[in-house]
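What follows is a single structure, written as structure tokens, with notes after it.
Given the structure is predicted, the values throughout are model-derived calculations rather than measurements.
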Amino acid sequence: MTTLVMFSGGLDSTAALYKLLTGSEDDLHVHHVHLVNRDGRARAERDAVQAVVAWCRANCRPFSYSESTLDFAALPAIPIDYLSVAFAACQVAIDVPRCNRIAVGVLAADLDEIKRKVSEQQRREFEAMYACYRARKLGELVIEWIYPVYELSKAQVAASLPPELRAVAWSCRRPVAIEGGYRVCGECKPCRKRAEVSAQLNIEL
């Protein structure tokens, strides 16, 4: 059977992918969703995804890869990412032969009270869509959601990765455009958390 890994290019999803590649024998299909919105981080995430995928293919074991794009750049509001991921996961899961699991890099420590039900809501949206495909007799009857790094802290996630992967994973939600590219904003929640973990572990993130 095949596990579909929904991959953002951030530390958490990179750690989830690396753990599955090195700690399991599952057939893996990795999928990245280009989430284009007014945050402007799609390009940075794309570059991180390409670097992580290339490193893992060269240093771990084979896996298949695909990507899709959801473009909300014209909207003033930023859509809810984790629900967009659930939508894309359903589309991909029915197209991946023998797909029976979906892996996401969610951390329990990252879920505040407002987002406490993130994983449940994500699965609920997926199931509502997947019921349509079951009615059309497409895909597997049962797909399990798994959370390979759910119990880890952000520091444990960072420590679990080889330095080369830590260096290319991207977390900033509001990258700043500079000549020839972009840099992290240093102010968003993921940036502050990376700085905290970097100081805690005395490593560069």
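A side-chain N or O of Gln91 and one of Tyr133 form a donor-acceptor pair less than 3.5 Å apart. His29 and Ser66 share a side-chain donor-acceptor pair at under 3.5 Å. A side-chain donor from one of Ser68 and His31 sits under 3.5 Å from a side-chain acceptor of the other. Residues Arg98 and Thr2 bring no donor and acceptor atom of their side chains to less than 3.5 Å of each other.
Between Trp55 and Tyr18, the ring-plane angle classifies as tilted under the 30° and 60° cut-offs.
Surrounding CD1 of Ile80 are at most 12 heavy atoms belonging to other residues, nucleotides or ligands under 6.0 Å away. Within 6.0 Å of atom CZ in Arg136, 12 or fewer heavy atoms from other residues, nucleotides or ligands are found, so the atom counts as exposed in its surroundings.
A continuous path of Ile, Leu, Val, Met, Phe, Trp and Tyr side chains, each step under 4.5 Å between heavy atoms, connects Val53 with Val149, placing both in one hydrophobic cluster. Hydrophobic clustering of Ile, Leu, Val, Met, Phe, Trp and Tyr side chains at less than 4.5 Å, counting indirect connections, unites Val49 with Leu28. In this structure, Leu21 is a member of the same hydrophobic cluster as Val168, with clusters built from ILVMFWY side-chain heavy atoms closer than 4.5 Å. Leu70 and Trp170 fall into different hydrophobic clusters, where Ile, Leu, Val, Met, Phe, Trp and Tyr residues are linked whenever their side-chain heavy atoms come under 4.5 Å apart, directly or through other members. Met6 and Val36 fall into different hydrophobic clusters, defined by Ile, Leu, Val, Met, Phe, Trp and Tyr side-chain heavy atoms under 4.5 Å apart, directly or through other members.
Contact of the Phe63 side chain with the Leu20 side chain is not registered, since no non-hydrogen atoms from C-beta on lie closer than 4.5 Å. Between Leu107 and Tyr147 the shortest side-chain heavy-atom distance does not fall below 4.5 Å. Between Leu11 and Leu161, the closest side-chain pair of non-hydrogen atoms falls below 4.5 Å. Taking 4.5 Å as the limit, every side-chain heavy atom of Val106 sits out of range of all side-chain heavy atoms of Tyr82. Between Leu4 and Val92, some side-chain heavy-atom pair lies under the 4.5 Å cut-off. In this structure the side chain of Leu201 never reaches within 4.5 angstrom of the side chain of Glu196, judged on heavy atoms. With contacts defined as side-chain heavy-atom distances shorter than 4.5 Å, the pair Arg61/Thr22 does not qualify. Looking only at side-chain heavy atoms (C-beta outward), Gln156 and Ser153 come within less than 4.5 Å of each other.
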task = Kindly determine whether Asp81 and Arg173 satisfy salt bridge (Lys or Arg N to Asp or Glu O under 4.0 Å), including the steps that lead there.
result = CA-CA 12 Å; Asp81 287 359; Arg173 297 187 69 85; 3.0 Å; yes
CA sep, side-chain torsions, deciding dist, call: Val30, Leu17, side-chain contact (heavy atoms from CB on, under 4.5 Å) = CA-CA 8 Å; Val30 180; Leu17 172 59; 3.7 Å; yes
task = Would you check, one step at a time, whether the test side-chain contact (heavy atoms from CB on, under 4.5 Å) holds for Glu45 with His34?
result = CA-CA 8 Å; Glu45 289 184 347; His34 297 280; over 6 Å; no
message = Applying side-chain contact (heavy atoms from CB on, under 4.5 Å) to Phe126 and Ile102, what does each step give before you reach the verdict?
response = CA-CA 11 Å; Phe126 177 90; Ile102 296 173; 3.4 Å; yes
task = Check the pair Cys191, Ser171 against side-chain contact (heavy atoms from CB on, under 4.5 Å), reporting the backbone distance first and the verdict last.
result = CA-CA 7 Å; Cys191 277; Ser171 300; over 6 Å; no
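For the pair Arg38 and Phe72, the cation-pi test (distance below 6.0 Å, angle within 45°) is failed.
Put simply, OG1 on Thr69 and CZ on Arg46 are 10.5 Å apart, with the number rounded to the nearest 0.5 Å. Interatomic distance, OG1 of Thr3 versus CG of Asn100, reported as 6.0 Å (0.5 Å rounding). One finds the CZ atom of Arg166 at 6.5 Å from the CG atom of Leu205 (value rounded to the nearest 0.5 Å). The line from SG of Cys99 to CD1 of Ile143 is 4.5 Å long, rounded to the nearest 0.5 Å. The SG atom of Cys188 lies 10.0 Å from the CZ atom of Arg194; values are rounded to the nearest 0.5 Å. The distance from atom CZ of Arg41 to atom CG of Asp47, rounded to the nearest 0.5 Å, is 14.0 Å.
Each of Glu127, Gln122, Glu120 was scored for a side-chain hydrogen bond (donor to acceptor under 3.5 Å, both in side chains) with Arg124, with one residue passing: Glu120.
The backbone N or O of Glu187 sits less than 3.5 Å from a side-chain atom of Arg192, completing a donor-acceptor pair.
Nearest heavy-atom pair across Phe7 and His32 is O-ND1, 2.8 Å.
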